[in-house]
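Reading through the structure tokens given below for one structure.
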Amino acid sequence: MLPPTYPEAAIALQEEISRLVVTEGDPYPSLVAGLDAAYARDGRTVFGAAALLVFPSLEFVEGAWAACEIAFPYIPGLFAFREGPALIEALGRLAHTPDLLIVDGHGIAHPRRCGIASHIGVVTGIPSIGVAKHLLCGAAAEPGSERGSAAPVTEGGATIGCAVRTVTGVHPVYVSVGHRVGLVEAVRLVLALSDGYRLPAPIRAAHALANRVRERGDGL
DNA sequence: GCGACAG
DNA sequence: ATCTTGTCGC
């Protein structure tokens, strides 16, 4: 199916993809890729970046990026149709295939249980986890203030993610299942991938790469 | 109808 | 996300 042009088509596609999401799994990855994007100042191009790190040493292996014309507006809940193409393109340019994806954004902590992390996980078949800085839906209980504390994010009685304290005393991140990873396992992995900063190392590396690429050349 | 709303 | 400098604090 071609990339949807209208919100109604995008929503219909998400409803189909959400049925394919596998919400359990306990991967022990060797190579973890962080995915993030940056936008050109003119707002017409999105730069997707993938940063590959060794697990659990967090040693950097390689980075890849891709520039795409923005083909979809920013609509909360339809994020994947804006950034997804650039992230998947960058992912495909890595010389190695990751065993796990850490995506900047939500997994199933989404109105249709199909955030960008789940979307990319299903499309690629690679286990994925969503890590977001803010909630899109649901409500989170307050986790303890110590690093490692976690509290559930729920919506309508269902647990859709966890608020996780990656740094003592710092605002938590919101972790949710992307694809082929259980929630408990996702939280454990995010903590193992976090080394002193609020966001996990793979996402920070991807974020830095995306910004570097954007600064170096706004065009294509 | 009103407010909220990943990046 | 992006527009934007310095500044307070560990």
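These numbers come from the heavy atoms of this one structure, side chains and all, not from hydrogens, waters or symmetry mates. Numbers restart at 1 for each chain; the letters A, B, ... are given by sequence-line order, proteins then strands.
For the side chain to side chain contact (heavy atoms under 4.5 Å, CB included) with A:Arg82, the lone residue among A:Ile70, A:Ile116, A:Val46 that qualifies is A:Ile70. A side chain to side chain contact (heavy atoms under 4.5 Å, CB included) with A:Pro29 is found for one member of A:Leu100, A:Ile126, A:Val181 and no other, namely A:Leu100.
A heavy atom lying under 4.0 Å from DNA chain B marks none of the residues of residues 201-208 of chain A. For the segment residues 161-196 of chain A, no residue has any heavy atom less than 4.0 angstrom from an atom of DNA chain B.
Contact of the A:Thr124 side chain with the A:Leu101 side chain is registered, since non-hydrogen atoms from C-beta on lie closer than 4.5 Å.
Sequence neighbours left out, the pairs with a member in residues 166-178 of chain A that pass side-chain hydrogen bond (donor to acceptor under 3.5 Å, both in side chains) are A:His171-A:Tyr174. Identified under the salt bridge (Lys or Arg N to Asp or Glu O under 4.0 Å) test for residues 189-201 of chain A, with sequence neighbours left out: none. Residue pairs that meet the salt bridge (Lys or Arg N to Asp or Glu O under 4.0 Å) test with at least one member in residues 142-171 of chain A, sequence neighbours left out, are A:Arg113-A:Glu155, A:Glu142-A:Arg165. The salt bridge (Lys or Arg N to Asp or Glu O under 4.0 Å) contacts involving residues 21-38 of chain A comprise A:Asp26-A:Arg188, where partners must be two or more places apart or lie in separate chains. Note on residues 96-107 of chain A: pairs passing salt bridge (Lys or Arg N to Asp or Glu O under 4.0 Å), not counting sequence neighbours, are A:Asp104-A:Lys133.
A donor-acceptor contact shorter than 3.5 Å links the side chain of A:His106 to the backbone of A:His134. A:His110 places a side-chain N or O within donor-acceptor distance of the main-chain N or O of A:Gly77, the cut-off being under 3.5 Å. Side chain of A:Thr154 to main chain of A:Thr159: no donor-acceptor pair is present (N/O by atom type, distance under 3.5 Å, no hydrogens or angles).
Ring centroid separation for the pair A:His119 and A:Phe79 does not come in under the 6.0 Å cut-off.
Within a 6.0 Å radius of CZ in A:Phe60, more than 12 heavy atoms belonging to other residues, nucleotides or ligands are found.
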Practice prompt. Could you provide the dot-bracket string of DNA chain C, using ( ) for intrastrand pairs, [ ] for crossing pairs and | for bases paired to another strand, with Watson-Crick or G-U pairs below 3.5 Å?
Written response: ..........
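The two residues A:Phe72 and A:Phe81 make their nearest non-hydrogen contact at CB-O, 3.4 Å. Of all heavy-atom pairs spanning A:Val123 and A:Ile88, the tightest one is CG1-CD1, 4.1 Å.
Pairing analysis of DNA chain B (Watson-Crick: purine N1 to pyrimidine N3 plus N6-O4 or O6-N4; G-U wobble: N1-O2 and O6-N3; both under 3.5 Å) yields no stem of 3 or more pairs.
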Worksheet item: Could you write nucleotides 2-7 of chain B as a row of B, S and -, 5' to 3', where a protein heavy atom under 4.0 Å of any base atom gives B, of only sugar-phosphate atoms gives S, and otherwise -?
Response: ---BBB
Fill in: Heavy-atom protein contacts under 4.0 Å, nucleotides 3-10 of chain C, coded B base, S sugar-phosphate only, - none
S-------
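Annotation: cation-pi pair A:Arg214/A:Tyr39 absent, no NZ/CZ under 6.0 Å from the ring centroid and within 45° of its normal.
Here A:Glu89 pairs with A:Arg93 under the side chain to side chain donor-acceptor pair (under 3.5 Å) rule; sequence neighbours left out.
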